[in-house]
Amino acid sequence: MLTINFHPFQSLATERLILRRICQDDLDGVIAMRGNPETMRYIPRPLVTTVEDGLAHIATIESAWETNAAINWVITLKDNDAFMGVIGLYRIQPENHRAELGYMLLAEHHGQGYATEAIDAVLAYGFGTVNFHSIEAVIDPDNVASERVLQKNGFVKEAHILENELWEGKFWDTVIYSLLRRNFRK
């Protein structure tokens with residue numbers, strides 16, 4: 001079984017980005033991103049629209065890190081510490097050396113390659129530092145932009161599961177993409 005230890009928190013850097021720990025100063029960004037119905041269109045989770053909701057979301061992220069259940073980074077530009085989005089590894093299966101990758105950006109940062117760049121850094125951390133064997137991403141089949149980002153990072157489609165998640169009275173399909181460590185950057 002894989003031993004998971006995300007301590008101390010490790011910030012990551014890419015050519016243009018810094019991936020850092022979330023803090024209370026990110027509250028407005030969390031609310032802007034998780035409270036935007038268009039951004040959340042493909043994510044069957046409650047909107048974060050109040051200060052209380054945002055603080056609870058930040059506390060959940062911190063608690064998961066503190067217990068080694070997950071790790072999330074805030075995505076920022078190297079020359080600007082402002083919140084652009086989040087990316088993380090969660091739903092960790094230590095017995096299978098596997099984790100799920102999740103990521104979101106504020107709408108104004110879509111289409112600029114930031115997600116692709118951040119994913120590459122998190123994959124290097126997940127495969128190199130943590131020693132995962134595989135990393136998956138679960139997306140809505142209509143989320144074509146996310147599908148393209150995953151494919152750019154070497155992920156392959158594993159499954160399309162029909163109506164496996166119920167959210168607000170609607171059954172949602174999910175598509176699972178994955179990447180094996182041996183195929184990372186090949």
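Side-chain atoms are counted along with the backbone in the values below, which use heavy atoms only and exclude waters and symmetry mates.
Ring geometry for Trp65 versus His7: interplanar angle of 30 to 60°, hence tilted.
With rounding to the nearest 0.5 angstrom, the OH atom of Tyr114 is 9.5 Å from the CG atom of Leu105. Expressed to the nearest 0.5 Å, how far CG of Leu150 lies from CG of Leu101 amounts to 7.0 Å. Atom-to-atom distance recorded for Arg45:CZ and Glu168:CD is 11.5 Å, nearest 0.5 angstrom. Once rounded to the nearest 0.5 Å, the distance linking CG of Leu2 with CD of Gln93 reads 11.5 Å. Going from atom OG1 of Thr76 over to atom CD1 of Ile18 covers 6.0 Å, rounded to the nearest 0.5 Å. To the nearest 0.5 Å, atoms CG (Leu179) and CZ (Phe127) are separated by 4.0 Å.
Both Val130 and Leu12 are members of a single hydrophobic cluster when ILVMFWY side chains are connected at heavy-atom separations under 4.5 Å. In the hydrophobic clustering of ILVMFWY residues, with side-chain heavy atoms under 4.5 Å counting as a link, Ile161 and Phe155 come out apart. Hydrophobic cluster membership differs between Leu47 and Trp172, with clusters built from Ile, Leu, Val, Met, Phe, Trp and Tyr side chains linked at under 4.5 angstrom. Hydrophobic cluster membership is shared by Phe184 and Val122, with clusters built from Ile, Leu, Val, Met, Phe, Trp and Tyr side chains linked at under 4.5 angstrom. Hydrophobic cluster membership is shared by Ile22 and Leu55, with clusters built from Ile, Leu, Val, Met, Phe, Trp and Tyr side chains linked at under 4.5 angstrom.
Here the closest heavy-atom approach between residue Asn131 and residue His97 is recorded as O-ND1, 3.9 Å. A pairwise comparison of heavy atoms in Asp120 and Arg185 identifies OD2-NH2, 2.7 Å as the closest pair. Taking each heavy atom of Asn153 and Val149 in turn, the nearest pair found is OD1-O, 3.0 Å. Nearest heavy-atom pair, Ile31 versus Gly54, reported as atom, atom and distance to 0.1 Å: CG1-CA, 4.2 Å. In plain terms, the two heavy atoms of Phe132 and Ala99 that are nearest each other are CZ-CB, 3.6 Å. Closest of all the heavy-atom pairs between Glu100 and Ala137 is CG-CA, 4.4 Å.
Between Met33 and Met84, the closest side-chain pair of non-hydrogen atoms is not below 4.5 Å. Put simply, the side chain of Ile61 does not reach to within 4.5 Å of the side chain of Val30, judged on heavy atoms. Within the 4.5 Å cutoff, no side-chain heavy atoms of Glu147 are placed close to those of Val175. No side-chain heavy atom of Tyr125 sits less than 4.5 Å from a side-chain heavy atom of Leu19. At a threshold of 4.5 Å between non-hydrogen side-chain atoms, the residues Lys157 and Ile176 do not count as touching. A heavy-atom distance below 4.5 Å is found between the side chains of Arg20 and Asp26. Using a 4.5 Å heavy-atom cutoff, the side chains of Phe6 and Ile92 are in contact.
Applying the side chain to side chain contact (heavy atoms under 4.5 Å, CB included) rule to Leu166 yields the partners Phe171; only residues at least two apart in sequence or on another chain are considered. Tyr103 pairs by the ring pair (Phe, Tyr, Trp, His ring centres under 6.0 Å) definition with nothing, not counting sequence neighbours. Under the ring pair (Phe, Tyr, Trp, His ring centres under 6.0 Å) criterion, Tyr177 pairs with no residue, sequence neighbours left out.
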Atom pairs and distances, side-chain donor-acceptor, residues 34-41, under 3.5 Å, sequence neighbours left out:
residue	atom	partner	partner atom	Å
Asn36	OD1	Glu38	N	2.8
Asn36	OD1	Thr39	N	3.3
Asn36	ND2	Thr39	OG1	3.4
Glu38	OE2	Arg41	NE	3.3
Glu38	OE2	Arg41	NH2	2.7

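Remark: the backbone N or O of Thr14 is not paired with any side-chain donor or acceptor of Glu117 at under 3.5 angstrom. In this structure, Asn164 contributes its side chain and Asp173 its backbone to no donor-acceptor pair below 3.5 Å. Put simply, the side chain of Ser63 never gets that close to the backbone of Ala59: no donor and acceptor are under 3.5 Å apart.
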Candidate pair Ile71 and Phe9, rule side-chain contact (heavy atoms from CB on, under 4.5 Å), full reasoning: CA-CA 9 Å; Ile71 185 167; Phe9 190 93; 3.8 Å; yes
Worked check of side-chain contact (heavy atoms from CB on, under 4.5 Å) between Leu77 and Leu17: CA-CA 4 Å; Leu77 291 172; Leu17 305 173; 3.9 Å; yes
Worked verdict on Arg181 versus Ile135 for side-chain contact (heavy atoms from CB on, under 4.5 Å): CA-CA 8 Å; Arg181 181 177 49 225; Ile135 297 175; over 6 Å; no
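Pairs engaging residues 128-143 under the salt bridge (Lys or Arg N to Asp or Glu O under 4.0 Å) rule: Arg98-Glu136 [sequence neighbours left out]. Sorted by first and then second residue, the salt bridge (Lys or Arg N to Asp or Glu O under 4.0 Å) pairs with a member in residues 57-79 read Arg21-Glu62; sequence neighbours excluded.
Figure legend: cation-pi geometry between Lys170 and Trp167 absent, as NZ or CZ is not positioned both under 6.0 Å from the six-membered ring centre and within 45° of its axis.
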